[in-house]
Structures are given as C-alpha cells and as structure tokens.
Amino acid sequence: MQHLHQAADYLRQRLSDFTPEFGIILGTGLGALVKDLTVHHTFPYAEIPNFPVSTVESHSGNLLAAELAGRKVLVMQGRFHYYEGYTMEQVVLPVRVMKLLGIQKLFVSNAAGGLNPDYEYSDLMLLEDHINLQPTNPLVGKNLDELGPRFPDMLEPYDTTLLRQAEEAARSLGFADKVRRGVYASLPGPMLETPAEYRYLRTIGADAVGMSTVPEVIAAVHMGLPVLAISVITDLCSPGKLKRVAIADILRVAADAEPRLTALLRAVIEKQ
Ligand code: HPA
C-alpha cells in the first residue's frame with residue numbers, strides 16, 4: 001500500500017486540479033488514440049515513484065493525463081506484461097494507482113489471436129469473460145484490505161452496461177459487423193502458442209488468446225472498478241487459418257483496426 005500511495009501522492013501533487021474520471025490502457029500497436037487526446041500532463045513511467053519501466057519495443061512508457069471527448073482520462077501509453085519479468089503486483093500497480101487517483105471506470109485494449117473460426121483480421125472482440133492461464137495473479141499474498149475483499153466475486157468481470165454501450169456505439173458508427181463478444185484466454189507468453197495449444201484453448205471455451213489484460217482486470221474487479229476490455233484480433237489461430245506470424249504482421253493489423261477501436265472508446269466515454 002505504501003508503494004501505491006507514494007506513486008499516487010507524487011501524481012496527485014502534479015495533477016493539481018485535474019481529477020481523472022476514467023483510466024485507459026493501450027495495448028500493443030494501439031497507441032493512436034493519443035492523437036485524439038488533449039494532453040495536460042505527460043509522466044514518463046521512469047519518473048513516477050515505484051512504477052515499473054516498460055521494456056517492450058512496441059510500447060512507449062508514459063502515463064498521460066488528458067481530455068478525451070471532454071472527459072478527464074489517465075492513459076497508460078504502454079503496459080507491463082508478466083513475461084517481461086515483472087511480478088503481478090508490478091503489472092497491476094498502475095491500475096491500482098489510477099484507482100487511488102479517482103478513476104471510476106477502466107478501459108483496456110490488447111492485441112489477440114482469434115480462436116473462434118468466425119473471427120476475421122482486425123475484428124474487435126469485446127471481452128465478456130476470461131480464462132486466466134497466467135501462472136499466478138495479482139491477488140496472491142496478503143490481501144490489501146484498503147483496496148478490496150480477500151475473495152472477490154468474479155461472476156461478472158466485465159461491466160454489462162459498458163458492453164451494451166460499446167455494441168450500441170459500434171452500430172451507430174456503422175461497423176457492428178466487425179465487433180464481437182467473446183472469451184479471452186490470458187497466457188504468460190512471450191512465445192505464441194503451438195497448434196495443439198490453440199486447439200486446446202478453443203476446446204476449453206476461449207474465443208481469443210493474448211498475454212495481458214486479465215491481471216489488470218482482476219485487480220480492477222478486486223477494487224470494484226467497472227471494466228470494458230477490447231481485443232483487436234491481429235492473427236487467426238483456428239485450424240486451417242493458422243500461419244506463421246511476425247510481430248510486424250500483428251502491428252500492421254492493429255494499425256488497421258485502430259481507427260475503429262479509437263472511435264468506439266471515444267463514443268463509449270462520451271456516453272458516461
Ligand atoms: N497468442 C498470444 N498472444 C497474441 C496472439 C496469439 O496468437 N496474437 C496477438 N497476441
């Protein structure tokens with residue numbers, strides 16, 4: 001808790017009268033939302049006490065205090081992954097700090113492999129549930145009672161009102177055919193999966209697979225923070241569609257989907 005409060009106090013002092021309403025985490029190749037922001041403050045992660053520093057090349061490491069559609073948001077430009085060697089506590093530290101700073105809802109994006117055979121490149125999958133296949137989770141250890149309960153309920157990890165609003169927004173923006181609802185499986189990575197692993201993930205009920213998001217969502221649910229999470233389907237992993245993927249391909253598809261993701265997030269935030 002002390003680490004969290006130190007980081008929050010540092011930011012609060014510098015934010016002065018900027019009171020954030022929402023938090024946004026931008027995933028791999030999904031940084032273009034930043035173009036839509038009116039940025040008030042940029043905090044490089046390295047300058048914030050106790051913040052981990054991002055090591056993935058496709059992620060920049062800044063916390064932005066900004067306005068989006070007239071609403072005050074904190075935006076994580078770059079996130080932390082377990083495969084980088086961080087502890088789960090480090091991975092979720094920024095989400096906890098954003099909550100201490102007052103955010104009321106959390107919006108998360110990621111790049112993911114599509115397991116559902118109906119999915120196409122650059123589809124947006126709204127997470128309605130997840131399967132945690134990371135080796136651990138951020139709630140292991142002594143419970144931080146100030147943040148939430150020891151045994152948080154996970155019946156509804158993704159806020160149903162936000163899900164509905166996202167679907168409505170996709171309809172009015174004219175790309176409802178590119179938006180799905182599904183189950184996200186989170187694996188540690190950093191390697192992609194074998195064909196047998198993709199078949200296994202499909203068999204156990206996943207529609208998409210990636211290496212992030214679930215730790216942050218668990219931390220958010222623990223704190224009672226409603227979450228909307230969106231996967232951009234950057235590669236297709238169902239039998240018959242599977243082929244070799246390079247990170248450059250993933251980034252190219254993410255860039256193609258980005259205008260829709262950005263428009264959707266903006267529209268949902270406008271409705272809050
Ligand atoms: N597996 C895991 N993570 C991913 C994938 C995938 O196929 N695609 C994008 N992120």
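In what follows, every heavy atom counts, from backbone to side chain, and hydrogens, waters and symmetry copies are set aside.
Taking all atoms of both residues into account, the shortest heavy-atom contact from G114 to Y119 is CA-CD2, 4.3 Å. Shown here for L33 and E258, the closest heavy-atom pair between the two residues is N-OE2, 4.4 Å. Between V232 and A257, the shortest heavy-atom distance links the atoms CG1-CB, 3.4 Å. Considering every non-hydrogen atom in both L139 and R150, the closest pair reads O-NH2, 2.7 Å. K241 approaches P117 most closely through the heavy-atom pair NZ-O, 2.7 Å. A8 and L101 get closest at one heavy-atom pair: O-CD2, 3.5 Å.
A salt bridge does not link R244 with D249: none of the charged nitrogens is closer than 4.0 Å to a carboxylate oxygen. Salt bridge K105/E21: absent, no basic N to carboxylate O contact under 4.0 Å.
Considering I269, L127, V268, D159 as possible partners of L228, the one that fulfils the side chain to side chain contact (heavy atoms under 4.5 Å, CB included) test is V268.
Within a 6.0 Å radius of NE2 in H3, no more than 12 heavy atoms belonging to other residues, nucleotides or ligands are found.
At least one donor-acceptor pair under 3.5 Å links the side chain of S172 to the backbone N or O of E168. Using a distance-only test at 3.5 Å, with no hydrogens or angles considered, no donor-acceptor pair links the side chain of D129 to the main chain of V183. In this structure, the side chain of N132 does not engage the main chain of A185 through any donor-acceptor pair within 3.5 Å. Within the 3.5 Å criterion, the main-chain N or O of A254 finds no donor-acceptor partner in the side chain of T234. The backbone N or O of D118 lies less than 3.5 Å from a partner atom in the side chain of R180, making a donor-acceptor pair. With hydrogens and angles ignored, the 3.5 Å screen pairs no side-chain donor or acceptor of S212 with any backbone N or O of N110. Y45 contributes a side-chain N or O that, together with a main-chain N or O of G78, makes up a donor-acceptor pair within less than 3.5 Å.
Criterion: ILVMFWY side-chain heavy atoms under 4.5 Å apart, direct or through other members. Under it, I204 and M211 are part of a common hydrophobic cluster. Linking Ile, Leu, Val, Met, Phe, Trp and Tyr residues whenever their side-chain heavy atoms come within less than 4.5 Å places F80 and I48 in a single cluster. Hydrophobic cluster membership differs between I25 and Y82, with clusters built from Ile, Leu, Val, Met, Phe, Trp and Tyr side chains linked at under 4.5 angstrom. M88 and L147 are assigned to two separate hydrophobic clusters, defined by single-linkage of ILVMFWY side chains at heavy-atom distances under 4.5 Å.
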Should D235 and V253 be marked as a side-chain contact (heavy atoms from CB on, under 4.5 Å) after you check the CA-CA gap, both sets of side-chain angles, and the distance that decides it? CA-CA 8 Å; D235 51 290; V253 182; over 6 Å; no

Checking side-chain contact (heavy atoms from CB on, under 4.5 Å) for the pair L93/V97: CA distance, chi angles, key distance, verdict? CA-CA 6 Å; L93 181 134; V97 169; 4.0 Å; yes

D123/V179 under side-chain contact (heavy atoms from CB on, under 4.5 Å): CA gap, chis, key distance, verdict: CA-CA 6 Å; D123 279 352; V179 174; over 6 Å; no

Under the criterion side-chain contact (heavy atoms from CB on, under 4.5 Å), I'd like the reasoning laid out for R266 against L68: C-alpha separation, chi angles, the key distance, then a yes or no. CA-CA 7 Å; R266 188 194 177 93; L68 176 65; 3.8 Å; yes

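Geometrically, R12 does not engage Y10 in a cation-pi contact, judged by NZ or CZ lying under 6.0 Å from the ring centre and within 45° of the ring axis.
Q272 and Q165 share a donor-acceptor pair across their side chains, judged by distance under 3.5 Å alone. A donor-acceptor contact under 3.5 angstrom links the side chains of S122 and K178, judged on distance only. Checking R202 against S238 by side-chain atom types alone, no donor-acceptor pair falls below 3.5 Å. In this model, a donor atom of one side chain and an acceptor atom of the other lie less than 3.5 Å apart for E193 and Y198. There is no side-chain donor-acceptor pair under 3.5 Å between T42 and N62.
Between M98 atom CE and I24 atom CD1 the span is 9.0 Å, to the nearest 0.5 Å. To the nearest 0.5 Å, atoms NE2 (H40) and CG (L64) are separated by 11.5 Å. The CG atom of N116 lies 11.5 Å from the SG atom of C237; values are rounded to the nearest 0.5 Å. For the atom pair CD (E216) and NE2 (H81), the distance works out to 7.5 Å, reported to the nearest 0.5 Å. The CZ atom of R79 lies 8.5 Å from the CG atom of L26; values are rounded to the nearest 0.5 Å. Remark: L163 CG to T160 OG1 distance equals 7.0 Å, nearest 0.5 Å.
The shortest distance between side-chain heavy atoms of T87 and V91 does not fall below 4.5 Å. At a threshold of 4.5 Å between non-hydrogen side-chain atoms, the residues E67 and R71 do not count as touching. The shortest side-chain heavy-atom distance between P226 and L106 does not fall under the 4.5 Å cut-off. A 4.5 Å side-chain heavy-atom check between I230 and L265 finds at least one atom pair inside the cut-off. Residues H222 and K99 are not in side-chain contact: their nearest non-hydrogen atoms beyond the backbone lie 4.5 Å or more apart. With contacts defined as side-chain heavy-atom distances shorter than 4.5 Å, the pair N137/P215 does not qualify. Side chains of H41 and L15 form a contact here, defined as non-hydrogen atoms less than 4.5 Å apart. Residues L11 and F43 have side chains in contact (heavy-atom distance under 4.5 Å, counting atoms from C-beta outward).
Ring to ring, Y184 and H130 are not that close: their centroids are 6.0 angstrom or more apart.
In this pair, F107 and F22 present their aromatic rings perpendicular. The plane angle is above 60°, beyond the 30 to 60° band.
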